[in-house]
Every structure is written in C-alpha cells, then in structure tokens.
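Proteins get letters first, then strands, A, B, ... in listed order; numbering begins at 1 in each.
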Amino acid sequence: MSTTTTQVRARAIWKGVIQFENVELPVKLYSAVQDRTVHFRLLHKKDRQPVKQMMVNPDTGEEVPKERIRKGAEVEPGVFVLLNDEELNEAEPESSRTITIERFVPPEAISHQWFDRPYYLGPDGDDDQDYWNFVEALEKQGREGVARWVMRNKNYAGALRLEQGHLMLIALRFSEEVVLAEDLEAPQGRELEKSELTMARQLIGAMVDKFEPEEFRDEFRDKVLKMVQDKAKGKKLKLVKPKKKASQESLAGALEASLAAVRKRSHA
Amino acid sequence: MPEETSLRPIWSGTITFGLVNVPVNLFPAVQSHGVHLRTLDEDGTPLRRRYYCPADEAQVEGEEIVRGYEIEKDQFIVIEDEELEALEPEKSRDIDLRRFVDADQIRPYFFERPYFLAPAGKSNKAYRLLARVMQDEQKAGVATFVMRDKEYLVAILSENGILRAETLRFADEVRKPEDIGLPERQSANAKQVAGIEKAIKKVSQKSLSREELRDEAAEKLMKLVEAKFKKKKDVIRAEPTAEADEEFVDLMALLKKSISQAA
C-alpha cells in the first residue's frame, strides 16, 4: 500500500448516465485493462527502417492521395456500392450520454463468448451516495444489467455488473459476430468406455485447485525482452527446435500412467 | 461466394493432461460483421495496402520485411521467427493443462477472445473424453501457450461436447478499483436501495436473447447499401479485395464441418 495521502484517480475515458425506469445514475467510465504486450515494428530488411503503409492503386502501382479515396461496400466479392460521407454519417448512431439498461438477467444468462472489453464505472458529480445505493441494490438482487450505449460514434452492448464492490460495464460482442457452441455439433464416435471416463475424472479431479490468476505469468514476454538485450550486446543465440511428440500407444495406457504419477505425487 | 471449403486453423498443437495427448486445431469463434467497407480510388478501383520504406521512398514486398524491437529511439534489434519459437519450444506446440478450476471461478473481465478447438489427428476419442469429463464436472483447464509472437493465458472450457479456448488477460493486465482510484465504499440509504431494487425487479428476465445483441447501426448501413445495389446506383465491378477471401465465408458452416466431421 502506498503511504502518500492523495490518491491519484485515473483519467475517465467517457461520461454517461445509467437509465432505466425511474433510476438515473451519472457515471464516469475507466478502462479496466492495460496492455502489456511487447510490440514489434515492421522493418525494411535492407536498411532496418520502419516501413509505413500507403494505399496503392494496383492498376497503376501508384499511391493514391487522401482526397481521391472513396469508400465502398463490397456486397459480393468484386462488387462495390459507393458510399459518400453524408450516407456514412447518416448510418452512424446518434450521439448520446445515456447508458440504457434494457433488462436485468441472472449472471449465467450471459455466455463468456460475448465478453469483449471491461470498464469500471465510478461516480460522477459531487455526491457519491447514489452510486453506493445502486451498488447495494445490484448486490442484493444478484443480477446483471444488459446495457446499450453510444460512445465515440459507435454502438455498444454491455453487461453491467459488480466487480470488487464497484460497478463494471463489460462491452459485449454483437450477435452477428459470435458463433456459439450451441450452434455446432460435437464430434461423434463410438461410445466412451466407462473405465476411461472414470480414470479421466480421477485424473482431472486430482488437478483441481482454485483459480489464482497471479500464478500465471507471461514468461515469454520476459524472455523476448531478455533476448533483445542479449542480441543488442552481440551475444550469439542458441536456437532450440521443438522436439517431435512421441505418439501415444493407447488412451487407456496413458490415463493409467498419468493417474499413477499423480497419486505418487500426492503421497510423496 | 469464393470456393472456400475448409477453414485454415490459426494454430495446431496438442492439449495435454497428465500423459494424455489431444491433438487439436484452433479456429476463430468470432468474425467481423456488417458492411465490408473498402477504400477505393475515385474511379472505383479497390486500393491495396502496401508497405513502403520512407528512406528509399520505395514499395517493400513481404519477404523484404522483418520484425524489429525498438531498443532505443530509432534503434532496432531484428528478431526472426525461429528465434521467437526457440524461446518456448514446448509452449509453442502444447497447451499443457496442469490446473483445473471451477469454470465459474474465472471472473468475466478476464475473458478476451473465444476460439473453438477441433480434434485433429487419427482419433477423436481423447478429445471426446476430455470434453465429456470437463463438461460433466463444470471444470475449466487453465494454462499458458505461445501462438505467433505472443504468450496467451487460456481457459479450456467444454460446452455442448465441444472444447473451446478462451484467451484470458494476465493478472497484471487487469486493473483493480484502487489502481484507478475509485472511492471506497460508503453506507447506502436503505429506503433508496429498496426503490432501486424494485425498479430492477420490474425489468428483470430469466434469459437474454440473441436478438437483444444485434448491431442496429450496422444493419441500418446494410439496408442503405442493399437499396442502392437494387437500384443499381453507384455500383462498380472490379477485382475482389484480398479481404473478401476471409470475410465472405460462412464461418458457422465451416466450423460445423471442421468440428463435427473431424475424425
């Protein structure tokens, strides 16, 4: 814990008002994620200059300046309908500050596959009381809100829920974007053998534990950064090739051997 | 429609639990939707995105491009594909499940992107066995693996007899309320809480239908495009774009083929 007295609040990325029935709650939106990916740049091999992108007319091979660029919808491969700025603007959702809650549902009603990007919601205004009233009501009901809003000219759907005692809004993917498991059929085959099912159950059971996200680290990121440093110092790298996987003699045999290994470990 | 009859996996490898190997192919579960907007020249020719080198003022083709890490301003260390692969050779090939958790223990804000796993190799028996047991027990397997240039934390879930990989955010990629400086909890006003609860109950339902998650703005633009197409207004024929290969496929149909008809 920090010992400084003033806590710096992160910058809000948007402000809105949650609305449904007679409830209105002004909130500020904060990103709940921070990117830690190692970013690479694309370089021209010959001179190690970062390359840039441009739009080229493939017939002439020449770059096309911005003022000549038009937008078109590809309706079939190779068939385009031209759209002007006015038409494109008209199709944009109307800007608004309202986060409309369409309904509340039990948390299990929203599949993991919909989840896109999480945001925290904090109170907006001088008085935080309404925010905490809302948090408590949501907590007591144990439900999640299905929200719709427009942010930066874009339509959003979201799940409004509680996270660590605060409001969180998780942007959801649109239905057109997602193929759900229920849309597909499972691979078929001969019925699984009872003995194999029992062993698999025991094996997985022996590996069950609590989910501790802190235990999983992006070690690759650390290794990439170290490699970069080594290369910069002119160190020679040793390249290890992935070994070929030995094929499994039989499923039952592999299960038995795995169980034996797990049991030995737990008795040690 | 392009004659695309099978889906190319994004990654191929093995899920292992204990000494059991489950060979799998990884496919996307999400796709872009709505109008496929392209950039065209004023005469309607679809434009291509090309790289160019500002130093030579010349276009650069794919094989002349390498990956670099900026170690100091304008100073780059070139990194080859093989060098990245050699960092974690096992993780580039295996998703090693050593930890299973109750599926509902993983908080929703960890979830990043869903993929389907299809059985690969000669037999789908090990796949079906893992899918069945994980689904019955409502467990998720958690592991890290390497795909392309990046390590992923992943939860393997089973639903409807199908294994799914959901990439998760690492713990240091998600913020806590105190990282943002959100205020600490205050006591609530019981009367007002009761009023909000009443309003919540009034608009509550048991389930969420897919209809409620439609993108109306995209549909509106689609309608406009279709109307113009019908009237043959501003319609141009040219070479199909490179994106058309990917965006005009029926992902669901291809997934059905890749998953249910595998071995």
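- Note on ring orientation: taking the six-membered ring where Trp is involved, the planes of A/F115 and B/F111 are tilted (angle from 30° to 60°).
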Note to self: The test is side chain to side chain contact (heavy atoms under 4.5 Å, CB included); show your working for B/R48 and A/M55 and say whether it passes.
What the structure shows: CA-CA 6 Å; B/R48 298 235 172 104; A/M55 299 310 289; over 6 Å; no
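- At a threshold of 4.5 Å between non-hydrogen side-chain atoms, the residues B/R185 and A/E136 count as touching.
- The number of heavy atoms from other shown groups lying within 6.0 Å of NZ (A/K71) is above 12.
- For the set B/D74, B/D136, B/V225, the entry with the most heavy-atom pairs within less than 4.5 Å of chain A is B/V225.
- With a 4.5 Å cut-off on side-chain heavy atoms, A/L255 and B/L129 count as touching.
- Using a cutoff of 4.0 Å between basic side-chain nitrogens and carboxylate oxygens, A/E176 and B/R214 are not scored as salt-bridged.
- A donor-acceptor pair is defined here as one N or O able to donate and one able to accept, closer than 3.5 Å; no such pair exists between the side chain of B/Q186 and the backbone of A/Y131.
- The pair B/K91-A/E219 counts as a salt bridge, with a side-chain nitrogen and a carboxylate oxygen less than 4.0 angstrom apart.
- You'll find the side chain of B/F116 reaches within 4.5 Å of the side chain of A/L184, heavy atoms only.
- In this structure, A/R48 forms no cation-pi arrangement with B/F76, as its terminal cationic atom is not both closer than 6.0 Å to the ring centre and no more than 45° off the ring axis.
- A donor-acceptor contact shorter than 3.5 Å is absent between the side chain of B/R50 and the backbone of A/P58.
- Chosen from B/E159, B/R49, B/K233, B/K256, the residue pairing most often with chain A at heavy-atom distances under 4.5 Å is B/R49.
- A heavy-atom distance below 4.5 Å is found between the side chains of B/Y109 and A/Q164.
- Taking 4.5 Å as the limit, every side-chain heavy atom of A/H39 sits out of range of all side-chain heavy atoms of B/E70.
- Taking the charged nitrogens against the carboxylate oxygens, B/E212 and A/R103 do have a contact shorter than 4.0 Å, which makes a salt bridge.
- For the 3.5 Å distance criterion, the side chains of B/E197 and A/Q141 qualify, holding a donor opposite an acceptor.
- For B/D215 (side chain) and A/N155 (main-chain N/O), no donor-acceptor pair under 3.5 Å exists by modelled atom type.
- In this structure, the side chains of A/L83 and B/L221 come closer than 4.5 Å at one or more pairs of heavy atoms.
- In terms of non-hydrogen atom pairs under 4.5 Å with chain B, the most contact-rich of A/R68, A/Q49, A/E67, A/E21 is A/R68.
- B/E211 and A/S175 form no side-chain donor-acceptor contact under 3.5 Å, judged by distance and modelled atom types alone.
- Look at A/R217 and B/E151 and you find no salt bridge, because none of the NZ, NE, NH1 or NH2 atoms lies under 4.0 Å from a carboxylate O.
- Ion pairing between a basic and an acidic side chain is recognised when a charged N comes within 4.0 Å of a carboxylate O; B/D172 and A/R36 show such pairing.
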Margin query: Evaluate A/E74 against B/R38 for salt bridge (charged side-chain N to carboxylate O under 4.0 Å, His left out), listing each step before the verdict.
Written below: CA-CA 7 Å; A/E74 193 167 4; B/R38 315 284 192 225; 2.4 Å; yes
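- The pair A/K46-B/E64 does not count as a salt bridge, with every side-chain nitrogen at least 4.0 angstrom from each carboxylate oxygen.
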Check: Can A/V64 and B/T39 be said to form a side chain to side chain contact (heavy atoms under 4.5 Å, CB included), step by step?
Finding: CA-CA 10 Å; A/V64 177; B/T39 48; over 6 Å; no
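- Closest heavy-atom contact between A/F211 and B/Q105: N-OE1, 2.7 Å.
- The aromatic rings of A/F174 and B/H33 sit tilted relative to each other, their planes meeting at an angle between 30° and 60°.
- Side chain of B/K125 to backbone of A/L192: no donor-acceptor contact under 3.5 angstrom is found.
- Ion pairing of A/D183 with B/R210 is present here, as a side-chain N (NZ or NE/NH1/NH2) and a carboxylate O approach within less than 4.0 Å.
- Taking chain B as the reference chain and counting heavy-atom pairs below 4.5 Å, the highest number among A/Q229, A/M168, A/R161 is found for A/R161.
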Next item on the list: Run the numbers on A/F80 and B/V235 for side chain to side chain contact (heavy atoms under 4.5 Å, CB included), then give the verdict.
Entry: CA-CA 6 Å; A/F80 303 86; B/V235 178; over 6 Å; no
Next item on the list: Before giving the answer on side chain to side chain donor-acceptor pair (under 3.5 Å), spell out for A/E177 and B/S32 the whole-Å C-alpha distance, their side-chain angles and the decisive distance to 0.1 Å.
Entry: CA-CA 6 Å; A/E177 290 176 283; B/S32 71; over 6 Å; no
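- The pair B/K176-A/E163 does not count as a salt bridge, with every side-chain nitrogen at least 4.0 angstrom from each carboxylate oxygen.
- A heavy-atom distance below 4.5 Å is not found between the side chains of A/H44 and B/Y51.
- A/S258 places a side-chain N or O within 3.5 Å of a backbone atom of B/L19 that can act as its donor or acceptor partner.
- With no hydrogens or angles considered, a side-chain donor-acceptor pair links A/N133 and B/Q192 at under 3.5 Å.
- With chain B as partner, the option from A/V208, A/V56, A/V105 having the largest number of non-hydrogen pairs under 4.5 angstrom is A/V56.
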Notebook entry, point to check: What's the verdict on side chain to side chain contact (heavy atoms under 4.5 Å, CB included) for A/T37 and B/K150, showing C-alpha distance, side-chain angles and the deciding distance?
Noted result: CA-CA 8 Å; A/T37 310; B/K150 197 170 145 31; 3.8 Å; yes
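- For the pair A/V33 and B/R175, the minimum side-chain heavy-atom distance is 4.5 Å or more.
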